[in-house]
Amino acid sequence: MVKAVVGANWGDEGKGKITDMLAEQADIVIRFQGGANAGHTIINNYGKFALHTLPSGVFYNHTTSIIGNGVALNIPLLFEEIKSITDRNVPMPKLLVSDRAQMVMPYHILLDQYEEERLGGKSFGSTKSGIAPFYSDKYAKIGFQVSELFDEELLKEKTARICELKNVLFEHLYHKPPISQEELLTTLHSYREMVEPYVCNVSAYLDQAMKDGKTILLEGQLGTLKDPDHGIYPMVTSSSTLAAFGAIGAGIPPYEIKQIVTVCKAYSSAVGAGAFVSEIFGDEANELRTRGGDGGEFGATTGRPRRMGWFDCVASKYGCRLQGTTDVAFTVLDVLGYLDEIPVCVGYEIDGEVTTEFPVTYKLEKAKPVYEKLPGWKCDIRGIKNYEDLPENCRAYIEFIEKQIGFPITMVSNGPGRGDIIYRTSAGK
Ligand code: GDP
């Protein structure tokens with residue numbers, strides 16, 4: 001049985017918590033896209049952790065954690081991350097790395113930094129982790145697969161070619177020092193040493209696991225609106241954030257993905273540039289930012305303050321549809337308990353017309369939010385275990401949003417911990 005946990009929006013919806021929670025019933029958790037550029041925050045019996053590359057199943061003894069072929073793998077960062085959790089008494093995870101995963105190279109990170117510098121104010125708000133140059137090279141067919149670390153001849157030949165190519169940019173476009181082939185080879189040898197014990201033919205491993213009836217969780221990074229095809233291009237990430245891509249980025253048949261849990265946060269937040277229709281500013285935003293998530297809405301990787309907004313039904317309906325949602329996990333609802341009334345964006349006004357269909361980017365830039373205000377519940381809902389015990393206005397908020405987005409909210413998260421979850425059997429009724 002394969003399940004996916006993915007985001008409906010701009011990321012930071014709370015996928016880490018939901019994955020960590022669902023991983024209790026899983027044998028394998030696999031990352032299938034993205035790199036160390038975004039993070040998941042997880043709180044469990046070992047403490048509070050920010051994960052960037054490791055799947056959110058690493059905290060259980062019974063799960064195998066896999067880095068799939070679709071991931072942008074930064075090898076030194078992966079091992080630093082493992083150390084950062086084992087230093088805090090988490091047992092060494094059972095880890096497998098796909099032999100077909102490609103590696104983020106030091107020059108990808110440099111290129112990312114130099115390009116952001118060159119673009120100045122017109123930048124894409126990159127986290128400068130080398131992700132965009134990495135995926136560009138992958139699709140330009142000049143990337144390095146983990147498997148290639150074990151072919152010395154090929155490494156020599158490829159590194160010579162890559163230095164020649166990249167140094168044109170370093171010297172003539174960015175006016176920076178060139179990279180040396182020798183240094184690159186030494187780096188790759190060190191990567192080989194680190195990763196060797198974990199390298200695996202992951203698609204074959206998963207094929208067997210499925211035959212053995214194992215439960216596999218695909219863990220997405222970011223959300224629909226950051227997808228390079230279906231998101232707010234060009235303010236997107238460089239790999240597909242959709243559950244469908246889980247099949248490709250893990251190496252399994254698409255029809256094996258039986259459950260798609262799309263995570264939606266009870267309000268909106270975004271990082272980086274790009275249109276954000278229900279964005280709020282000033283004190284209103286500050287208050288939500290400070291109260292939001294667990295300890296405030298600040299980037300798990302960068303510490304950047306997140307942009308804040310009200311729940312956006314247009315974006316979330318679209319976000320859930322593109323994911324192929326079977327279940328919505330509605331998160332961070334507890335945070336809204338301070339509000340007298342809660343605005344919800346139910347439509348976009350574009351050139352004088354109201355629509356509930358999420359538009360292409362140039363039209364999105366012109367969209368103005370149409371709000372409906374719902375009454376708040378004015379109390380703390382943490383600790384509540386049964387749906388029926390939630391305040392009436394709180395249930396009304398959930399059910400209103402469920403109706404607007406058209407997908408069943410089967411889980412409601414009312415706190416950051418593993419146990420802060422309300423299962424809802426009457427969802428969608
Ligand atoms: P991800 O990238 O989608 O995994 O999301 P993040 O880790 O960036 O963001 C979620 C933040 O909200 C983290 O700080 C979580 O600990 C926290 N969080 C998750 N679910 C809940 C919830 O139901 N209530 C509260 N208060 N915080 C939550």
Side-chain angles (χ1 to χ4, degrees), residues 4-23 29 31 33-59 127 217-226 237 241 243 261-272 287-308 311 316 319 323 328-339 379-385 387 390 394 397-398 409 411-424:
V5 181
V6 287
N9 304 103
W10 299 264
D12 306 320
E13 299 94 348
K15 294 177 295 295
K17 178 227 155 119
I18 299 295
T19 309
D20 174 65
M21 189 190 92
L22 295 177
V29 185
R31 284 277 314 267
Q33 46 89 218
N37 51 332
H40 299 295
T41 315
I42 294 166
I43 298 169
N44 54 35
N45 43 328
Y46 293 106
K48 181 171 178 173
F49 297 87
L51 295 183
H52 307 286
T53 304
L54 285 170
S56 303
V58 289
F59 299 103
T127 56
L217 271 189
L218 298 168
E219 180 180 21
Q221 182 209 40
L222 298 168
T224 305
L225 305 179
K226 292 283 187 182
T237 194
T241 55
V261 178
T262 303
V263 185
C264 269
K265 190 154 63 178
Y267 53 89
S268 301
S269 74
V271 286
E287 170 122 51
L288 185 56
R289 183 180 302 112
T290 327
R291 289 172 177 271
D294 180 63
E297 290 281 359
F298 300 91
T301 303
T302 57
R304 290 191 284 194
R306 292 178 182 149
R307 297 164 68 194
M308 307 302 298
F311 190 85
S316 304
Q323 292 291 7
V328 175
F330 197 56
T331 58
V332 207
L333 186 61
D334 50 304
V335 160
L336 300 183
Y338 72 98
L339 292 156
C379 66
D380 186 3
I381 59 162
R382 283 207 195 181
I384 293 178
K385 298 282 176 207
Y387 187 72
L390 286 171
C394 183
Y397 184 77
I398 297 167
I409 296 177
M411 288 165 247
V412 175
S413 172
N414 59 337
R418 260 182 200 169
D420 300 323
I421 194 80
I422 300 169
Y423 290 98
R424 188 163 159 250

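Both ligands and their constituent atoms are indexed starting at 1 by order of listing. Heads up: numbering here begins at 1 and tracks the sequence.
- Distances from atom 17 (C) of ligand 1 to the heavy atoms of Leu222, Asp294, Asn9 show the closest one on Asp294.
- Contacts between Asp334 and ligand 1, counted as non-hydrogen atom pairs separated by less than 4.0 Å, involve the side chain only.
- The distance criterion of under 3.5 Å between nitrogen or oxygen atoms is met by Lys15 with respect to ligand 1.
- Panel note: side chain Asp334, backbone Arg382; no donor-acceptor pair is recorded below 3.5 Å.
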Residue pair Val261, Thr19: steps toward the side-chain contact (heavy atoms from CB on, under 4.5 Å) verdict: CA-CA 10 Å; Val261 178; Thr19 309; over 6 Å; no
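- Taking a cut-off of under 4.0 Å to the non-hydrogen atoms of Gly16, the atoms of ligand 1 that pass are 1 (P), 4 (O).
- Residues Phe311 and Tyr397 place their aromatic rings such that the two centres sit no closer than 6.0 Å.
- Backbone and side-chain nitrogen or oxygen atoms of Leu333 are examined, and none is located within less than 3.5 angstrom of a nitrogen or oxygen of ligand 1.
- Contacts with ligand 1 closer than 4.0 Å are made by side-chain heavy atoms of Lys17 only, the backbone lying farther away.
- In terms of N/O distances under 3.5 Å, ligand 1 is approached by Val332.
- Which parts of ligand 1 touch Glu13 is read off a 4.0 Å heavy-atom cut-off, strictly below it: atoms 3 (O), 5 (O).
- For the pair Trp10 and Val271, the minimum side-chain heavy-atom distance is 4.5 Å or more.
- With a 4.0 Å cut-off on non-hydrogen atoms, Arg306 touches ligand 1 through its side chain and not its backbone.
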Val6/Leu218 under side-chain contact (heavy atoms from CB on, under 4.5 Å): CA gap, chis, key distance, verdict: CA-CA 8 Å; Val6 287; Leu218 298 168; over 6 Å; no
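- Arg291 places none of its side-chain heavy atoms less than 4.5 Å from the side chain of Tyr267.
- Each of Asp294, Thr331, Asn44 was checked for a side chain to side chain contact (heavy atoms under 4.5 Å, CB included) with Pro416, and the lone residue meeting it is Asp294.
- With ligand atoms numbered from 1 in the order given, ligand 1 contributes 20 (N), 21 (C), 22 (C), 23 (O) to contacts under 4.0 Å with heavy atoms of Ser413.
- Residue-level proximity to ligand 1 for Val335 is carried by the side chain, the only part with a heavy atom below 4.0 angstrom.
- Contact annotation: the side chain of Thr224 never approaches that of Thr262 to less than 4.5 Å [non-hydrogen atoms, C-beta and beyond].
- For Arg382, the closest heavy-atom approach to ligand 1 falls below 4.0 Å.
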Criterion side-chain contact (heavy atoms from CB on, under 4.5 Å) on Asn9 and Ser316, from CA distance to verdict: CA-CA 6 Å; Asn9 304 103; Ser316 304; 3.1 Å; yes
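- Under the 4.0 angstrom criterion for non-hydrogen atoms, Gly415 is in contact with ligand 1.
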